[in-house]
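Report on the following structure.
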Amino acid sequence: MQLDNWFVQTEAQRKRLEITRQLSETFAKRAAEHDRAGTFPHENIADLRACGYVKWTVPREFGGEEISLYEFIMHQEQLARGDGSTALAIGWHVGMILSLRTSRAFPEELFRRVCESVMKDGALINSCASEPATGSPSRGGRPETTATPVENGYRITGRKTFSTLSPALDWILVTAGIADSDATGEFLVRGEDIEIIETWDTLGMRATGSHDIVLKDVFVPESQVVAVKQPGVRTERHNDGGGWMLHIPACYLGVGLAARDFAMKFAATYQPNSLTHPIADVPHIEQKLGEIELKLLPARTLMYDLAARWDAADAADRPQLRAYFGAVKMEATNRANEAVDLAMRVVGARSMAKSLPLERYYRDVRAGLHNPPMDDIVLKSLAKQGTALYRA
Ligand SMILES: Cc1cc2nc3c(=O)[nH]c(=O)nc-3n(C[C@H](O)[C@H](O)[C@H](O)COP(=O)(O)OP(=O)(O)OC[C@H]3O[C@@H](n4cnc5c(N)ncnc54)[C@H](O)[C@@H]3O)c2cc1C
């Protein structure tokens, strides 16, 4: 068994993984340039469209491959080994389609339209919920973006931050407060109706195009209204446990694996003239390399285990997995940060060179700490789930 294919279970997965493996190698060659310039990798997105990856989670009824969550995260991990930014960006689209496939959170006709546009034109979708005033939407703040009811729909005005994939989006799921009411809503906006303000200039994940987007009096017809919710009213109907969000840990574990591979190869081949053997046989290096494996393998195993459980679970049982998906995300992002740090210690001062990828991995992997769910929310959810049985 090839260690690279540790989690592959079927021939169809292996074949498709070969496609994403080749793309990953191509993306790795382009990554440093986009990272340095902070540019969006349009050519990578074109490649992902051309090979069909953007359609792989679309339901079979609309002509897609309907791949499982388990397989989806395998590809995400693979893509991130080449370029974390591209993997994170496309992960939102491919994951959202997977999630909509199981949650059916969109009105049926709207979901059909979106899927048809993905199949026909390679259209891309993401959810843009973050705003400066709310911070992470997972904290429950009311959006300041406002939707005003008008004849046959709504007019939406506001500004969203951290809008990943924005330069390539055809569909944007936007959250907004309903004017003159406590209610909030979700609206599907067309990419051509928004303005992108290029604000994304950050330490890591620099090529994700996570700019601000501005909506000025954008008309959204009734057919593109996804939900209008009263505060405090929870609807369980579309709750699928959020398995698709495993694309986030998959991405950062992919970056960790890339750092591991670099450090392993370096240690096995670098032999300074103070030694009669490569540094791989020096005890403190061996220890660090072993620790890297011990950071990544358990986190990966947990992630694939949870994905398989979600794939196999009945719709009614999936919501119970949510807290454990958070555990995967927290474990994966923290261990990936530690693995990259150890890899850099193995390589030494060269690890900081701009001509090598390690310093980019170090910056990219840091962003994982600020993707949802945040660590404090994960721990709180696990505690709440654990004590729920015993509460009066
Ligand atoms: C690379 C990247 C890509 C992203 N892509 C997207 C995207 O496509 N779409 C999207 O909508 N968003 C996206 N986000 C945004 C992300 O989901 C968060 O909204 C964003 O990172 C802000 O979260 P925060 O915790 O830093 O900010 P804040 O929520 O402002 O938190 C700042 C600090 O205050 C603390 N804090 C704030 N409120 C509370 C509270 N109520 N209780 C306890 N502590 C609190 C936090 O713990 C943190 O320490 C992306 C983020 C990153 C880094």
Side-chain angles (χ1 to χ4, degrees), residues 31 34-35 38 40-41 45 76 79-80 83-97 99 124-145 156 158-176 184 186-189 191 194 196-215 226 242 244-245 247-252 254-255 325-326 329-330 332-334 336-337 360-381 383-384:
H34 285 298
D35 171 65
F40 185 75
I45 300 297
Q76 285 300 121
L79 293 171
D83 180 22
S85 281
T86 301
L88 190 68
I90 203 65
W92 290 110
H93 160 80
V94 183
M96 251 186 95
I97 297 290
S99 163
L124 301 181
I125 187 170
N126 189 16
S127 157
C128 297
S130 299
E131 296 184 5
T134 59
S136 172
S138 62
R139 305 273 180 198
R142 179 181 161 90
E144 292 195 343
T145 296
I156 303 184
R159 182 170 181 143
K160 299 288 180 183
T161 51
F162 298 100
S163 307
T164 297
L165 196 61
S166 61
L169 286 175
D170 301 279
W171 298 105
I172 302 162
L173 184 64
V174 165
T175 49
T184 56
E186 290 178 352
F187 305 87
L188 193 64
V189 173
I194 57 109
I196 298 172
I197 313 287
E198 296 203 353
T199 46
W200 189 245
D201 183 11
T202 48
L203 177 84
M205 290 293 176
R206 289 175 53 75
T208 54
S210 305
H211 301 299
D212 286 12
I213 60 165
V214 173
L215 298 95
V226 171
W244 70 287
M245 293 288 274
H247 82 91
I248 294 171
C251 173
Y252 294 102
V255 177
F325 290 137
K329 188 270 172 179
M330 181 170 167
T333 49
N334 283 283
N337 268 273
R360 172 164 46 85
Y361 301 154
Y362 184 74
R363 290 181 287 105
D364 280 352
V365 87
R366 182 87 205 166
L369 303 178
H370 309 297
N371 287 131
M374 310 333 179
D375 289 2
D376 64 299
I377 293 180
V378 171
L379 295 174
K380 190 174 160 181
S381 307
K384 286 231 176 299

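Counting begins at 1 with the first residue of the sequence. Both counts, for ligands and for their atoms, begin at 1 and track the order of listing. Given the structure is predicted, the values throughout are model-derived calculations rather than measurements.
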- Task: Examine S210 against ligand 1 and note whether any of their N/O atoms are separated by less than 3.5 Å.
- Result: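 In fact, backbone or side chain, S210 has no N or O that close.
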- Task: Please step through side chain to side chain contact (heavy atoms under 4.5 Å, CB included) for the pair T175 and K160, ending with a clear verdict.
- Result: CA-CA 9 Å; T175 49; K160 299 288 180 183; 2.9 Å; yes
For [atom], which protein heavy atom lies nearest, and how many Å away is it?
atom: atom 19 (O) of ligand 1; result: S130 OG, 2.7 Å
atom: atom 6 (C) of ligand 1; result: F162 O, 2.8 Å
atom: atom 2 (C) of ligand 1; result: N371 ND2, 3.3 Å

Compare [options] and give the one whose heavy atom is closest to [atom].
atom: atom 28 (P) of ligand 1; options: G141, A89, A133, S136; result: S136
atom: atom 47 (O) of ligand 1; options: M374, H93, R139; result: R139
atom: atom 11 (O) of ligand 1; options: G91, A129, G135, S163; result: A129

- Query: So is T202 close enough to ligand 1, meaning a heavy atom under 4.0 angstrom away?
  - Reply: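 Contact check T202 vs ligand 1: negative.
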- Query: Should T208 be listed as contacting ligand 1, given a heavy-atom distance under 4.0 Å as the test?
  - Reply: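 No; T208 lies far enough from ligand 1 that no heavy-atom distance drops under 4.0 Å.
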- Message: Heavy-atom distances under 4.0 Å decide this one: backbone, side chain, both or neither, for N126 against ligand 1?
- Response: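 Answer for N126: side chain.
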- Message: Just to be sure I read this right, does ligand 1 sit under 4.0 Å from the backbone of S127, its side chain, both, or neither, counting only heavy atoms?
- Response: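 Backbone only.
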- Task: Would you mind running through ligand 1 and noting each atom that sits below 4.0 Å from a heavy atom of L88?
- Result: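 In order of numbering, the contacting atoms are 1 (C).
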